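I have placed the structure first, in the form of structure tokens, so that the comments after it can refer back to it.
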Amino acid sequence: MNDQTFYLQPFPSPKSLPNLKIAGNIARNSNQLTICYTLEGDLIEIAIAPPSNAPSRKHELWEDTCFEFFVGIKDSARYWEFNLSPAGYWNIYRFDGYRQGMQEETAFTILPFNVQNQADGLALALDVDLDKIVSAEQAIEVAITSVIKHRDGEVTYWALTHRGAEADFHLRDSFIVEL
């Protein structure tokens, strides 16, 4: 089992950034992927959707506070984008190449994850079986990202690394975690 700790960095901005820390860990055991995010800091400044009674698949979660990760097959252009809302909503998109052929990934009909929202922090944990999209023998490359929406409507983009002139989570050279 390969377990790695991560710390996300905000995309550089001339505006003052909120006092936040986004960290976590990711592991792959056979084809079971486990990822945990923790968001700490001045959460009073952040727009966090309340938990839904009926979490389901939902589009455009990246317009609000959302935890994301991207899974690519090593030496292949194909990749998947996973979106996880603190409210419990989720979606997965499949791409054939850089921002090409975006389709909802229908291999998954549910994506249960756990959210703990406390005054001083938020924790989100997902355990997902990747068998539906990749084989356990295939090496994967992962980008770990977050979109944080502030109460004033401002949005900041967080990632392990920012390789573009603009915040762009789809750049394949930012898929830097190998599992």
Side-chain angles (χ1 to χ4, degrees), residues 3 6 8 10 18 20-72 78-96 99 101-134 136 140 142-160 167-170 175 177 179:
D3 190 346
F6 62 82
L8 302 186
L20 295 177
K21 187 173 104 180
I22 305 174
N25 59 13
I26 184 168
R28 184 182 186 194
N29 186 2
S30 159
N31 223 6
Q32 201 69 21
L33 185 76
T34 303
I35 186 165
C36 303
Y37 296 83
T38 57
L39 171 63
E40 297 172 346
D42 295 335
L43 299 196
I44 196 85
E45 303 292 321
I46 307 304
I48 298 173
S52 165
N53 294 330
S56 59
R57 189 183 285 261
K58 195 171 177 184
H59 290 288
E60 298 177 349
L61 292 172
W62 56 81
E63 292 185 354
D64 292 294
T65 296
C66 178
F67 298 91
E68 304 180 352
F69 64 96
F70 295 75
V71 173
R78 174 170 278 195
Y79 66 96
W80 290 264
E81 175 182 345
F82 288 72
N83 300 153
L84 308 168
S85 160
Y89 297 111
W90 61 276
N91 215 331
I92 305 169
Y93 301 97
R94 182 179 69 241
F95 294 83
D96 299 326
R99 294 187 178 271
M102 177 178 170
Q103 289 182 23
E104 205 168 65
E105 178 53 76
T106 56
F108 293 89
T109 53
I110 59 167
L111 192 67
F113 55 95
N114 186 295
V115 178
Q116 291 180 309
N117 197 346
Q118 287 122 2
D120 59 344
L122 183 142
L124 185 148
L126 168 70
D127 208 357
V128 62
D129 187 339
L130 296 178
D131 278 343
K132 293 179 170 124
I133 56 172
V134 299
I140 59 171
V142 182
I144 303 169
T145 63
S146 294
V147 176
I148 303 296
K149 186 171 186 179
H150 309 258
R151 291 201 182 277
D152 64 6
E154 189 74 28
V155 174
T156 54
Y157 299 92
W158 297 66
L160 291 172
D168 185 351
F169 296 157
H170 292 256
F175 289 37
V177 175
L179 297 170

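Quick caveat, the model's predicted, so the values are computed rather than measured. Values reported hereafter were calculated over all heavy atoms of this structure, with side chains retained and with hydrogens, waters and symmetry mates removed. Residue numbers run from 1 in the order of the sequence given.
Looking at heavy atoms from C-beta onward, V147 lies in side-chain contact with F169 at the 4.5 angstrom threshold. By the 4.5 Å heavy-atom criterion applied to side chains, V155 and W62 are not counted as neighbours. With contacts defined as side-chain heavy-atom distances shorter than 4.5 Å, the pair L124/N114 does not qualify. You'll find the side chain of F69 reaches within 4.5 Å of the side chain of L33, heavy atoms only. Between F175 and H170, every side-chain heavy-atom pair lies at or beyond the 4.5 Å cut-off. W90 has its side chain within reach of R57: a pair of non-hydrogen atoms, C-beta onward, lies under 4.5 Å apart. Residues V142 and F70 fail the side-chain proximity criterion, which asks for heavy atoms closer than 4.5 Å. Counting only heavy atoms from C-beta outward, the side chains of D168 and R99 approach each other to under 4.5 Å.
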Legend entry - Verdict with supporting geometry, T38 and I22, side-chain contact (heavy atoms from CB on, under 4.5 Å): CA-CA 6 Å; T38 57; I22 305 174; over 6 Å; no
Legend entry - Intermediate values then yes/no, side-chain contact (heavy atoms from CB on, under 4.5 Å), I144 and W158: CA-CA 8 Å; I144 303 169; W158 297 66; over 6 Å; no
Inset, instruction - Evaluate the side-chain contact (heavy atoms from CB on, under 4.5 Å) criterion for residues I46 and H150: first the C-alpha distance (whole Å), next the side-chain angles of each, then the deciding distance (0.1 Å), finally the verdict. - result: CA-CA 4 Å; I46 307 304; H150 309 258; 3.7 Å; yes
Inset, instruction - Decide side-chain hydrogen bond (donor to acceptor under 3.5 Å, both in side chains) for Y89 and S56; before the verdict, give the C-alpha distance in whole Å, the side-chain angles of both, and the deciding distance to 0.1 Å. - result: CA-CA 5 Å; Y89 297 111; S56 59; 5.8 Å; no
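A pairwise comparison of heavy atoms in Y79 and G72 identifies CB-CA, 3.8 Å as the closest pair. Contact between P50 and A87 at its shortest, heavy atoms only, is O-CB, 3.2 Å. Taking each heavy atom of L61 and S85 in turn, the nearest pair found is CD2-CB, 4.0 Å. Across all their heavy atoms, P86 and I48 have their closest contact at CB-CG2, 3.7 Å. Across all non-hydrogen atoms, the minimal contact from L43 to L39 is CD2-CG, 3.6 Å. The minimum heavy-atom distance linking T65 with A47 is given by the pair OG1-O, 2.7 Å.
For the pair R151 and E45, the salt-bridge criterion is not met [side-chain N within less than 4.0 Å of a carboxylate O]. Note on D3 versus R28: no salt bridge recorded, every NZ/NE/NH1/NH2 to OD/OE distance being 4.0 Å or above. No salt bridge links E81 with R94; every basic N to acidic carboxylate O contact stays at or beyond 4.0 Å.
Taken from CG in N31 to CG in D131, the straight-line distance is 4.5 Å, to the nearest 0.5 Å. Atom CD of E68 and atom OG1 of T145 lie 4.0 Å apart (nearest 0.5 Å). Atoms OH and CG, on Y37 and N25 in that order, are 11.0 Å from each other to the nearest 0.5 Å. Rounded to the nearest 0.5 Å, atoms CG (L84) and CD1 (I35) are 8.0 Å apart. Between the CZ atom of F6 and the CG atom of L8 there is a distance of 5.5 Å, given to the nearest 0.5 Å. Residue I26 holds its CD1 atom at 8.5 Å from OG1 of T34, rounded to the nearest 0.5 Å.
Between the side chain of S30 and the main chain of Q32, no donor-acceptor pair closer than 3.5 Å is present. With hydrogens and angles disregarded, no donor-acceptor distance shorter than 3.5 Å links the side chain of E104 to the backbone of T106. In this structure, D152 contributes its side chain and E154 its backbone to a donor-acceptor pair below 3.5 Å.
Between the side chains of N83 and N91, no donor-acceptor pair of N or O atoms lies under 3.5 Å.
The aromatic ring centres of F108 and W80 sit 6.0 Å or more apart.
The number of heavy-atom neighbours closer than 6.0 Å to CG of N53, taken from other residues, nucleotides and ligands shown, is 12 or below.
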